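Before I ask anything, here is the structure I am working with.
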Number of protein chains: 2
Amino acid sequence: MTSAPIELAVSTVIFALRPAADSSRRTVWLPLVRRIREPEQGKWALPGGPLEPDQELSESAAFTLNETTGLSPSYLEQLFAFGNVDRSPGNRVVSIIYWALVREEEAAEAVVTENVRWFPADDLPELAFDHAEIVSYALGRLRGKLEYSNLGHAFLGELFTLSTLREVYEAVLDRRIDPANFRRQVETSGLVRATDQVQTGGRHRPARLYRFATPAASTAPTQE
Amino acid sequence: MTSAPIELAVSTVIFALRPAADSSRRTVWLPLVRRIREPEQGKWALPGGPLEPDQELSESAAFTLNETTGLSPSYLEQLFAFGNVDRSPGNRVVSIIYWALVREEEAAEAVVTENVRWFPADDLPELAFDHAEIVSYALGRLRGKLEYSNLGHAFLGELFTLSTLREVYEAVLDRRIDPANFRRQVETSGLVRATDQVQTGGRHRPARLYRFATPAASTAPTQE
DNA sequence: GCAAAAGTGTTCTCGTTACACCCATGT
DNA sequence: ACATGGGTGTAACGAGAACACTTTTGC
């Protein structure tokens with residue numbers, strides 16, 4: 001009289017910046033996969049899969065991320081473990097959710113198939129299971145964390161202008177930021193260092209290029 | 001050729017305020033259980049156990065908490081899922097960790113046996129597995145969260161003086177706080193409401209009693 | 001020259017800190 | 001009376017918001 005074992009899965013909320021539908025500016029997008037079997041067949045869901053016995057949690061997240069988008073994450077962190085008894089009809093699944101960021105330059109090359117598609121974070125289709133709630137929670141974490149860390153790093157390449165960095169913040173936080181104040185805040189934060197290069201080409205004064213002072217941000221208690 | 005399944009456990013870091021060893025003021029304490037079998041037999045560990053198929057994650061945490069201390073938590077929130085491949089010798093265990101607060105008045109009645117004992121958070125014995133790392137992470141969360149929420153609620157009864165509340169903050173954050181400034185900050189925060197009662201008995205001016213404006217704090221994405 | 005974004009300067013407000021000082025009670 | 005913590009007043013400081021203004025490019 002052994003009951004069915006509890007299934008343990010790892011799924012990932014993957015964020016990237018992409019031009020908005022009206023292409024005026026960038027907004028937050030994420031890739032979803034269409035479920036090809038029951039339960040919830042046909043609905044869109046977060047990429048993920050069962051945890052393998054010899055696989056670290058973050059490895060599992062990175063694996064499904066690559067499987068889905070063909071990309072490598074520039075940032076990856078555990079979000080939360082969702083395990084409500086009734087979150088999946090018919091079986092008990094505990095999902096450990098990660099969230100990841102990928103650079104815009106790379107996200108442009110991401111794989112798109114019949115069953116893998118990118119959606120704007122503020123205009124999602126109906127999602128399977130409790131995944132809508134998960135995405136909403138992940139978005140909150142992204143916004144919150146951007147304000148007290150150098151998370152913008154993960155969306156940008158090595159060199160960038162302060163305008164570009166500001167656009168990242170405006171896209172994620174979905175509000176305008178005063179360029180003058182933003183400049184001072186970033187410069188005094190110490191997270192960023194000016195280079196002696198500038199970016200020309202715009203119909204205006206060239207912008208100085210910056211780089212991040214620290215290589216990356218990882219705040220999980222363990223680097224698993 | 002099926003490999004051993006991954007074990008899924010739920011453990012809890014339980015915090016309470018208790019008088020320090022020199023009894024001068026209160027500090028943070030937590031209960032640990034002694035492992036009575038391998039692996040890591042004899043070492044102290046966080047209370048926990050395997051997740052049952054029909055049990056919510058938080059139910060499992062509350063169950064082991066009650067089993068260990070005989071108490072009910074006034075606050076309970078998921079902390080993190082620890083799942084490194086090598087964190088437990090011989091088998092693969094993914095532990096979903098909760099952290100909990102219990103009121104001082106109740107914590108005084110907590111069960112203590114040969115294999116269950118309370119320790120000061122800043123003077124722990126050698127712990128089993130990665131539990132020392134887990135406790136350290138939980139302490140950081142407790143301190144961080146205290147500063148931007150009404151978490152102090154969970155340590156206190158319904159009525160309290162602002163001095164008592166300040167002592168909670170001083171115990172958790174382990175630093176002195178200016179009473180005058182603390183008073184103003186709390187009063188303008190709106191988290192607290194003055195009553196028309198005072199507490200007499202001290203050899204000084206009676207202190208006004210306050211109560212929290214909101215019944216409780218729960219910030220997990222799901223109330224599981 | 002003009003538009004546009006880069007970059008600087010200035011002021012205002014508000015929250016935090018430090019600390020002086022008064023209040024009300026028990027002994 | 002006086003010690004003790006409860007409670008109020010106030011000035012200094014610093015971070016952030018608002019916005020005027022100057023600089024340097026492309027066209």
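Worth saying up front: this structure is predicted, and the values here are computed from it rather than measured. Heavy-atom basis, side chains included; hydrogens, waters and symmetry copies ignored. Chain A is the first sequence line, chain B the second, and so forth, proteins listed ahead of strands; every chain is numbered from 1.
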With a 3.5 Å distance limit and no angle check, can you tell me whether T69(A) reaches the backbone of L71(A) through a side-chain donor-acceptor pair?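 Side chain of T69(A) to backbone of L71(A), a donor-acceptor pair under 3.5 Å: yes, one is there.
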I96(A) side chain reached by L51(A) side chain, heavy atoms, under 4.5 Å: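 With C-beta onward as the side chain, the pair stays apart.
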Side-chain donor/acceptor of D178(B) to backbone N/O of A180(B), under 3.5 Å: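 Yes.
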Round to the nearest Å and state the distance from L209(A) atom CG to dG7(C) atom C1'.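 Those two atoms, CG and C1', are 15 Å apart.
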Taking atom C1' of dG5(D) as reference, at what distance in whole Å does atom CG of L165(B) sit?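 For the pair L165(B) CG and dG5(D) C1', the rounded distance is 16 Å.
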F212(A)-F160(A) aromatic ring centre distance below 6.0 Å: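 Here the rings of F160(A) and F212(A) have centres that are less than 6.0 Å from each other.
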Rounded distance in Å - CD (Q199(B)) to P (dG26(C)):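 Atom-to-atom, Q199(B) to dG26(C), this comes out as 12 Å.
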Side chain of R205(B) only, heavy atoms from C-beta on: which candidate in dC23(C), dT25(D), dG7(C) is closest?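 Nearest nucleotide to the side chain: dC23(C).
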Positions of residues 171-187 of chain A (non-hydrogen atom under 4.0 Å from DNA chain D), listed by number: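 Those residues whose heavy atoms fall under 4.0 Å from DNA chain D, taken from residues 171-187 of chain A in numerical order, are D178(A), A180(A), N181(A), R184(A), Q185(A).
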Is there side-chain contact between R34(A) and E114(A), with at least one heavy-atom pair below 4.5 Å?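 Heavy-atom side-chain distance check passes, below 4.5 Å.
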So does R203(A) reach the base of dT25(D) with its side chain, donor to acceptor, closer than 3.5 Å?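 Donor-acceptor pair under 3.5 Å: no.
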Which residue, A207(B) or G201(A), contacts DNA chain D at a nucleotide closer to its 5' end, judged by nearest heavy atom?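 This one resolves to A207(B).
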Nearest whole Å is fine: how far is dG7(C) P from R166(A) CZ?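 It is 11 Å, rounded to the nearest whole Å.
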Are any of S163(A)'s side-chain N or O atoms less than 4.0 Å away from OP1 or OP2 of dA6(C)?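 For dA6(C), OP1 or OP2 has a side-chain N or O of S163(A) closer than 4.0 Å.
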Atom-pair distance (CG on L162(A); C1' on dG7(C)), nearest Å: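 Distance, rounded to whole Å: 10 Å.
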Would a distance-only check, ignoring hydrogens and angles, find a side-chain to backbone donor-acceptor pair under 3.5 Å from T195(B) to Q197(B)?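 Answer holds: yes.
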